[in-house]
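Order of appearance sets the numbers: ligands from 1, and atoms from 1 within every ligand. Hydrogens, waters and symmetry mates play no part in the numbers below; they use all other heavy atoms, side chains included.
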Amino acid sequence: MIAENKEQTIFHHVGKKIMTDREIDIVARIEEPLIVVLGNVLSDEECDELIRLAADKVKRSKIGTTREENELRTSSSMFIDDSENLIVARVKKRVSAVMNIPIEHGEGLQILRYTPGQQYRAHHDFFSAESKVTNNRISTLVMYLTDVEQGGETFFPQLKFSVSPRKGMAVYFEYFYSDQMLNDLTLHGGAPVVEGEKWVATQWMRKQSVM
Ligand SMILES: O=C(O)CCC(=O)C(=O)O
Ligand SMILES: [Fe+2]
């Protein structure tokens with residue numbers, strides 16, 4: 001039974017499909033906090049193109065890419081701001097429809113690459129109250145651009161839940177609840193890759209437009 005006092009969510013899709021320019025599958029969901037596993041979000045070609053754009057960017061210049069030195073995240077990351085690119089524009093439009101938030105609230109697509117041993121320790125995507133950030137993040141879509149032979153799961157330790165990376169699939173979650181405890185439960189990380197390479201594209205949405 002769904003409790004009457006269930007909190008409002010941003011994600012409004014029901015049933016098993018989301019109709020965008022692509023038919024996306026709602027594979028599984030946890031209700032509070034809302035976590036949704038999605039299938040068929042990106043085509044193989046779109047995944048490959050996002051990886052190519054990111055790899056290209058690393059090669060062209062070291063600007064825009066950071067090899068993380070801290071303990072929290074050991075992967076490499078870069079933002080794709082290639083709005084000229086037709087595939088990027090199409091993906092962003094789809095992502096906005098899935099997340100039910102205008103793309104102007106998005107920070108741009110962040111591409112992360114993990115090689116064996118690399119990981120993203122458990123963290124929250126929102127900024128803490130002490131950070132004084134006024135336009136905080138409210139939701140996340142992590143899209144998997146590769147299959148990973150072993151390891152690399154997105155894990156939610158408080159919920160004892162994890163998602164295995166699968167090319168073209170994604171995991172969505174949001175943390176814009178009035179009950180801060182629900183937001184805190186969205187603690188998550190990327191488990192160390194054991195074998196293979198893991199690439200993801202993350203879209204974070206903010207409460208207000210960033211443009
Ligand atoms: O790599 C993952 O599975 C998680 C990525 C993540 O937490 C993020 O990009 O904020
Ligand atoms: Fe995260």
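Considering backbone and side-chain N/O atoms, His123 comes within less than 3.5 Å of an N/O atom of ligand 1. Looking at ligand 1, you won't find any N or O of Thr140 less than 3.5 Å from one of its N or O atoms.
The shortest heavy-atom distance from Gln110 to ligand 1 is under 4.0 Å.
Pairs engaging residues 167-177 under the side-chain hydrogen bond (donor to acceptor under 3.5 Å, both in side chains) rule: Asp48-Lys167, Thr140-Tyr175, Tyr172-Glu174 [sequence neighbours left out].
Sparse packing is recorded around NZ of Lys93, with 12 or fewer heavy atoms of other residues, nucleotides or ligands lying under 6.0 Å away. Within a 6.0 Å radius of CZ in Arg29, more than 12 heavy atoms belonging to other residues, nucleotides or ligands are found.
Take the Fe ion (ligand 2) as the corner point: the lines to NE2 of His188 and to NE2 of His123 open at 90°, to the nearest 10 degrees.
No other N/O/S atom of Asp125 lies as close to the Fe ion (ligand 2) as OD1 does.
Atom 2 (C) of ligand 1 has Lys198 NZ, 3.2 Å as its closest protein atom, hydrogens excluded (heavy atom only). Here the heavy atom of the protein found nearest to atom 9 (O) of ligand 1 is Thr202 OG1, 2.8 Å. For atom 10 (O) of ligand 1, the closest non-hydrogen atom of the protein is Asp125 OD1, 3.2 Å. At the top of the distance list for atom 1 (O) of ligand 1, counting protein heavy atoms only, stands Tyr114 OH, 2.6 Å. The shortest contact between atom 3 (O) of ligand 1 and any protein heavy atom is with Thr154 OG1, 2.5 Å. Looking from atom 8 (C) of ligand 1 to the surrounding protein, the closest heavy atom is Tyr120 CE1, 3.6 Å.
Cluster annotation: Leu72 and Phe79 are assigned to the same hydrophobic cluster (Ile/Leu/Val/Met/Phe/Trp/Tyr, side-chain heavy-atom contacts under 4.5 Å, transitive). No single ILVMFWY cluster, assembled from side-chain heavy atoms under 4.5 Å apart, contains both Trp204 and Leu187.
Within ligand 1, counting atoms from 1 as listed, the ones closer than 4.0 Å to a heavy atom of Leu112 are 9 (O).
Scored by the side-chain hydrogen bond (donor to acceptor under 3.5 Å, both in side chains) test, Gln180 finds Asn183, Asp184 as partners (sequence neighbours excluded).
Ring to ring, Phe173 and His188 are close: their centroids are under 6.0 angstrom apart.
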Which is it for Glu46 and Arg94 under the side chain to side chain contact (heavy atoms under 4.5 Å, CB included) test, yes or no, and what are the steps along the way? CA-CA 12 Å; Glu46 288 166 341; Arg94 191 181 307 147; 2.8 Å; yes

